[in-house]
**Q** 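What follows is a single structure, and I will ask about it in a moment.
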Amino acid sequence: MSIKKENPKVDFVKNEHEILDYWSKNKTFEKLVEKNSNGPKWSFLDGPITANNPMGVHHAWGRTLKDLYQRYKSMNGHQLRYQNGFDCQGLWVEIEVEKELGIKSKKEVEDLGIEKFVNLCKERVEKFSEVQKDQSIRLGYWMDWDNSYFTMSEENNYAIWAFLKKLHEDGKIYRGTDVVPWSGRSGTSYSQMEIIEGRKLTVHKGVFVKFPLKDKENENILIWTTTPWTLSSNIAVAVNKKINYAKIKANDGSIYYVAETNLKYQRLNKEFAEKKNWVDGVPKLKTLDQIFKERGGYEIIEVINGKKLIGLTYQGPFDHLEPQRTKGGYPIHDTSNLQDKSAIDCHIIIDGGKDSEGNDMVVEGEGTGFVHMAGGCGAIDNKICKREGFVEISPIDNQANFIQGFDFMSGLSVTDPETAQKIISNLKERGLLLYVEDYPHIYPHCWRSGDELVFKQVDEWYINMDWRNKIKSVVDEINWIPNWGRDREHDWLDNMGDWMISKKRFWGLALPIWTFEDGTFHVVGSKEELKELAVEGWEKFDGNTPHRPWVDYVKIKHPKSGLIGTRIEDVGNPWLDAGIVPFSTIKYFEDKSYWEEWFPADFITECFPGQFRNWFYSLLAMSSFLEEKAPFKTLLGHALVKDEKGDEMHKSAGNAIWFDDAAEKMGVDVMRWMYSKQNVENNLLFGYDKADEVRKKLISLWNIYSFFCTYASLDKFSPHSQKIIPKDLTLLDNWIISKSQQLNASAKLNYENFEVDKLLKNVETFLDDLSNWYIRRNRRRFWKSENDSDKYIAYQTLYDVILDLIKVLSPVLPFVTERMYLNITSTDKNENKDSIHLSDFPKCDDDKINNELIEKVDSLKKVIESGRAVRKKANIKVRQPLQSLRVLLNNDEITSFIKDQEETILDELNIKEVLFSDEVKEFGTLTLKPNFKNMKMKFGDEMQDAMKSISDLDPLKVTKNVLNGLAIPKNEHELTKDDLIIDLKANEGSESFLGNDLIVSLDTTISDSLRLEGVLRDLIRQIQLMRKEANFEIDDRIIISANFSDELKNIIEENKEYFMNEVLCKDIVANLENSDYNSSFKYENNEIEISLKKL
RNA sequence: GGGCUUAUAGCUCAGCUGGUUAGAGCGCAUCUCUGAUAAGGAUGAGGUCCGUGGUUCGAGUCCACGUAGGCCCA
């Protein structure tokens, strides 16, 4: 075996597939697990991926991070669990299954049968977990794929049962209410998404109703609503404290309050005029002003601010009915502490505040400036009433008919126009109605049946979060990256409400809550407990997973009251599923000692947005409740993947990139590089152009490697086969080794601190140093024919550097580094034969870092760069030779270094000689400037004063002393060289550079002979270019004719041999017949025409 | 409305506790190499560091106010 030659052109994607095969055949991953099986444990906890669709490029970011840190830890000998997780339960899966079935409602699911539906959900998850597994493997994600956890598993679900049971024992589980969109015909609730689909233009009766104020004779507020049925359940009235209200006196002497600007406001004027969202035949709406005038006129008595109305109490239109009088709301759904209040007690004018988008709840224009709030009949109303601590009245049943207790309304459908009419008549009879109108508006409908939706109060189950401080104290134990994550989590914990854990769906955790006829409930904590309590249906459940519908069959006997109870139909919030993972996957309930070995996790990483109140929250909540400990030590959050322009990727927008396509087009090493170099705080703009940018870097790495392989294979280089005497290493050898060791050290830090983006920035700089300095300046050592020790040293140096580099990169680029490793180490006895991923992470050898040398080479690079800058400034191209570079050195070591590098300088700058000088004046004018930063530290507020000393110093003397390593001359404030910055301004016609212990200056004057030499080289290049354009072979000989000036003729004559050799010219003739190629170029305002003929 | 956060080159972003001429990559322009070559390299143009005040010897950086965006909450 020896090192194979590698083609500079490489198909990275093809290589990735070959390496995947290699790993699988060679069982590389299994070997890694085996190798570290006794190593110190490092616990990574995988956040489960929703196994509902193929994986996207956004998942690949997180998965790359997960993989690379695990690989890094593995290289350091750690033992890992490598357990991947799949998130299985929840509405998203249901929606996809419904799509497949072509159905869209809960009703249809029930018609199909819950068992069938749930089984389809399971199948879908199983299918896509397989797909995602294959995709992850393609990405190079090394996991124990036979051992993934699924949140739908029994252990996961029962673990949550145990958790909920414990909460219940602490009295933290309670039944509350929420108000959701509801279809009476389907008898089901609707999601927010479905509502948006089903909006439809409808005409409702808009009613203006009087609410008499209490304690104010004959004074009323006027409310307006398009859902008269909700008046039955009025709780409160909201105003806007920022707008003004007019107190008006109508003709009959009664007083009304309405928003001042609403009086003359022409409602829906635009809609009517443009007939947009307007129903034919509906008359124009009247202004309040008109309505009052039609009733005999009115006058404004005074105008007051809304603030003054807050706190007034009023009489509701249905206060005589039982629901309004019942303490605790009607019917009582809530077990919380509102037992002593009835709806009537809540009839108060309140401040409406803002809605979720920051808009005022009560606005000017529409309505009357008073909004009637029915906490049991509207989502927003419900929130506000809950906020105010008001009771709720829920007037309807599942069919959206009035329940008992509502007098003439009971049994009527609330969406039936007849019902509205009956309510209106009743209000009129009782003198509460001011006016009725037809009001067209867009209103949510059941998109399927076309029925109007209503808002219905439903039972929901909550965890009382009054123990949030327990979670908050745990948050501070965690290392949050980026660290603002901590504040974000605290912010959420401070502001969150109780945790609603129920969902009225089918596929999910079966909440282990059984209710009893006396209104009590019992939480079951395990399968065993369920079996013990079961009195019915166990045989139908046994053998099935704890899901609906099977678990619903089981009826239990209450352990205390002995009553028979039924499970609630709800399933659990899916974040419970993911939050229990630090317990369920590592056997908290079965094998505590195993659990203790792996808890808490050392590391988790997830996409930030949303998780503060989802996964992070559920993890923290569950863990702090069960153990009062953080479930993980470090959390790395990353932002989102967007398209190249920064827009959201959407299937419909056509800008989505599929993982599979991206993997095969750009290659996963490129993808992983892209993800890894990204600052995790910023969104990643993903696209093929971006990938090409990264691919260039990868090609650069590959070129270094293929250069090495090409020559190493020619010379049959074998690492460590010869003894090397350290002093034989060249300066550049030592330099690149220093740089390489530095990289090892910083890489380790970068990985340990989870900031791999910094690593890649360092690597990119290192690649540049290696490629453009070390290799470019050392090429000749590899080319030369003799196999001497210098050549061997060059090989061994480059080998060591490449080996460390690819090891450092192997967690990020597992494929390409594997190929490189297997090739270059094939004869290296110190390395394993299997895989780079079985090798140890390179150590940094501090003895090999020579900081002085690094500084020197940096100076050299700086010299050459500034030389080039001078050329550009003087508009002298590199092809034009210049005479000299003047150098001042006071240090033998540096002198020898520069002498050693003379060849480099001559070559890079295209100059004739390097001159050594010791006269500072020759380089330009010196000035001394204060080094503010240092002086501030040293002198503090007296810095101003100390700066005066600078003018007492002679810049020339200071510079000489500094260059000689001496202290600077004595001065009043005892300034040292660190307090000063020496500024060197070059003389005319040259450019100077002042380094730590050297000064250089480039002479930019062009003598005549130099100019001519430049001209000749220009001419040669032009002819070479023509040869290329003419498609001549490299070794074709030619004849030239041209209208050369005398000057050119002379130069060519003087350098004939050189010229003819360079362009492979046999003869220069005056006239050329049948030339093969003609062209011309400009030279000092002369057009030179040249003809070439191939021999 | 409250909280958090961002604003720097055409684009995407760096810029540590205030310090001297504000950087990188891409793009663009010009040049260059041609024995790693469908590569590589150099140089340059391009900035009111969102605005206005303030603190300071000194502000992209700190403070206040404002403007515009993003996120979260109610």
Side-chain angles (χ1 to χ4, degrees), chain A residues 6-9 241-242 351-361 380 383-384 386-387 482 484-497 608-613 639-640 642 644-646 677-679 681-685 687 689-690 692-697 699-711 757-758 761 764-765 768 771-773 775-776 779-780 782-783 864-873 875-880 907-910 929-937 939 941-947 980-981 983 1017 1021 1024-1025 1028 1034:
Chain A
E6 285 274 25
N7 198 310
K9 285 171 209 159
K241 63 182 176 187
K242 277 184 288 186
D351 171 26
K354 310 270 178 179
D355 68 9
S356 60
E357 275 144 24
N359 302 316
D360 283 334
M361 270 297 304
I380 298 167
K383 276 205 179 115
I384 292 174
K386 281 217 166 75
R387 181 187 75 199
W484 47 261
R486 172 183 290 111
D487 301 332
R488 254 318 209 2
E489 194 61 51
H490 274 301
D491 189 51
W492 160 252
L493 292 170
D494 287 335
N495 293 307
M496 70 183 187
F608 252 159
Q611 300 303 342
F612 294 101
R613 55 190 190 131
L640 299 163
K642 300 281 175 91
E644 220 148 7
K645 282 184 238 145
K677 74 178 278 191
Q678 178 71 11
N679 177 342
E681 290 189 52
N682 298 331
N683 288 339
L684 191 155
L685 310 190
D689 289 344
K690 206 101 183 168
D692 284 342
E693 231 175 83
V694 171
R695 183 179 297 101
K696 280 187 186 168
K697 311 272 184 197
I699 288 173
S700 171
L701 173 66
W702 184 266
N703 279 339
I704 291 167
Y705 161 74
S706 97
F707 173 86
F708 171 78
C709 294
T710 305
Y711 293 100
D757 56 319
K758 290 192 181 140
K761 271 167 201 123
E764 286 175 15
T765 315
D768 187 61
S771 168
N772 292 324
W773 275 92
I775 294 185
R776 197 161 58 91
R779 276 187 286 203
R780 278 167 220 287
F782 298 94
W783 297 339
I864 289 166
E865 272 160 31
S866 58
R868 291 206 181 103
V870 181
R871 282 179 165 279
K872 185 76 188 179
K873 216 175 277 174
N875 207 9
I876 305 168
K877 47 191 154 193
V878 182
R879 218 181 300 124
Q880 171 64 57
D907 191 34
E908 293 282 334
L909 289 180
N910 192 15
K929 287 158 87 179
N931 185 342
F932 288 113
K933 207 168 180 171
N934 280 355
M935 289 185 68
K936 178 78 176 189
M937 280 199 289
F939 298 104
D941 290 341
E942 274 137 63
M943 180 179 76
Q944 289 292 307
D945 202 35
M947 271 161 57
L980 299 170
I981 292 173
D983 189 51
R1017 285 186 56 164
R1021 185 173 166 272
Q1024 302 286 34
L1025 215 66
K1028 200 171 174 183
I1034 290 173

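So that the names make sense, note that chain A is the first sequence line, chain B the second, and so on, each numbered from 1.
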**Q** Can you tell me how far the CG atom of A:N703 sits from the NZ atom of A:K696, to the nearest 0.5 Å?
**A**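 If we round to the nearest 0.5 Å, A:N703:CG and A:K696:NZ are 13.0 Å apart.
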**Q** Determine the contact category for A:S771: base if any of its heavy atoms lies under 4.0 Å from a base atom, sugar-phosphate if only primed atoms, P, OP1 or OP2 are that close, otherwise nothing.
**A** base
**Q** Atom CG of A:D757 and atom CG of A:N679: how far apart are they, to the nearest 0.5 Å?
**A**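 It is 5.5 Å, given to the nearest 0.5 Å.
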**Q** From the list B:rU20, B:rC26, B:rC71, which nucleotide is the closest neighbour of the side chain of A:R488?
**A**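 From the listed options, B:rC71 comes nearest.
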**Q** Give the nucleotide from the list B:rG27, B:rC73, B:rG3 with an atom nearest to the side chain of A:R613.
**A**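 Looking only at side-chain atoms, A:R613 lies closest to B:rC73.
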**Q** Measure from CD on A:E681 to P on B:rU12 and round the result to the nearest Å.
**A** 17 Å
**Q** Reckon A:K645 touches a base, only the sugar-phosphate, or nothing at all at heavy-atom distances under 4.0 Å?
**A** nothing
**Q** With both distances under 3.5 Å as the test, what is the Watson-Crick or G-U wobble partner of B:rA64?
**A**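 WC or wobble partner is B:rU52.
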**Q** Check every atom of B:rA14, B:rC71, B:rA36 against the side chain of A:N679 and return the nucleotide holding the closest atom.
**A**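 Minimum distance to the A:N679 side chain belongs to B:rA14.
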**Q** Could you check whether any side-chain N or O of A:T710 sits under 3.5 Å from a backbone N or O of A:S706, counting only pairs where one atom can act as donor and the other as acceptor?
**A** yes
**Q** Would you please confirm or rule out a distance under 4.0 Å between OP1 or OP2 of B:rU20 and any side-chain N or O of A:N931?
**A**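 A:N931 to B:rU20 OP1/OP2: no side-chain N or O under 4.0 Å.
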**Q** Whole angstroms only, please: what is the CG-C1' distance between A:N682 and B:rA7?
**A** 13 Å
**Q** Planes under 30° and centres closer than 5.5 Å, is that true for A:F707 with the base of B:rA36?
**A** no
**Q** Does B:rA42 have a Watson-Crick or wobble mate here (both distances under 3.5 Å), and if so which one?
**A** B:rU30
**Q** Taking atom types as they are modelled, is there a donor-acceptor pair under 3.5 Å from the base of B:rA39 to the side chain of A:S700?
**A** no
**Q** Measuring only between side-chain heavy atoms, which start at C-beta, is A:D487 closer than 4.5 Å to A:D491?
**A**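 SC-SC contact between A:D487 and A:D491 ruled out.
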**Q** When the C1' atoms of B:rA14 and B:rG23 are compared, how many Å lie between them, rounded to an integer?
**A**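 Between the two C1' atoms, the distance is 7 Å.
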**Q** Are A:R695 and A:I699 close enough that some pair of their side-chain heavy atoms sits under 4.5 Å apart?
**A**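 A side-chain contact under 4.5 Å exists here.
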**Q** Taking pairing as Watson-Crick or G-U wobble with both contacts under 3.5 Å, can you name the mate of B:rA22, or confirm there isn't one?
**A** none
**Q** Rounded to whole Å, please give me the gap between CZ in A:R779 and C1' in B:rG35.
**A**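 Answer to the nearest Å: 8 Å.
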**Q** Evaluate the side-chain proximity of A:P482 to A:F608: yes if any heavy-atom separation is below 4.5 Å, no if none is.
**A** yes
**Q** Mapping A:M496 and A:P609 onto RNA chain B by nearest heavy atom, which one lands closer to the 5' end?
**A** A:P609
**Q** Quickly work out the A:K642 NZ to B:rU12 P distance and round it to whole Å.
**A** 13 Å
**Q** For A:K690 and A:W484, find the nucleotide of RNA chain B closest to each by heavy atoms; which residue's nucleotide sits nearer the 5' end?
**A**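 By nearest-heavy-atom nucleotide position, the 5'-most residue is A:W484.
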**Q** When you compare B:rC28 with B:rU12, how far apart are their C1' atoms, in angstrom units rounded to a whole number?
**A** 16 Å
**Q** Would you say a side-chain N or O of A:N703 is under 4.0 Å from OP1 or OP2 of B:rA39?
**A** no
**Q** Does A:K929 have a side-chain nitrogen or oxygen under 4.0 Å from the phosphate oxygens OP1 or OP2 of B:rU20?
**A** no
**Q** A:N495 CG to B:rC4 P: how many Å, rounded?
**A**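 Atom-to-atom, A:N495 to B:rC4, this comes out as 11 Å.
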**Q** Nearest to the side chain of A:D491 - B:rG25, B:rG35, B:rC72?
**A** B:rC72
**Q** Which part of the nucleic acid, if any, lies within contact of A:K936, taking any heavy atom under 4.0 Å across all strands shown: a base, the sugar-phosphate backbone alone, or nothing?
**A** base
**Q** Measure from CD1 on A:I380 to P on B:rC73 and round the result to the nearest Å.
**A** 16 Å
**Q** Among B:rA39, B:rU20, B:rA36, which is the nearest nucleotide to the side chain of A:I704?
**A** B:rA36
**Q** Rounded to whole Å, please give me the gap between CD in A:Q678 and C1' in B:rC13.
**A**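 Rounded to whole Å, this separation is 9 Å.
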**Q** Using atom CH2 of A:W492 as one end and atom P of B:rC72 as the other, report the distance to the nearest whole Å.
**A** 12 Å
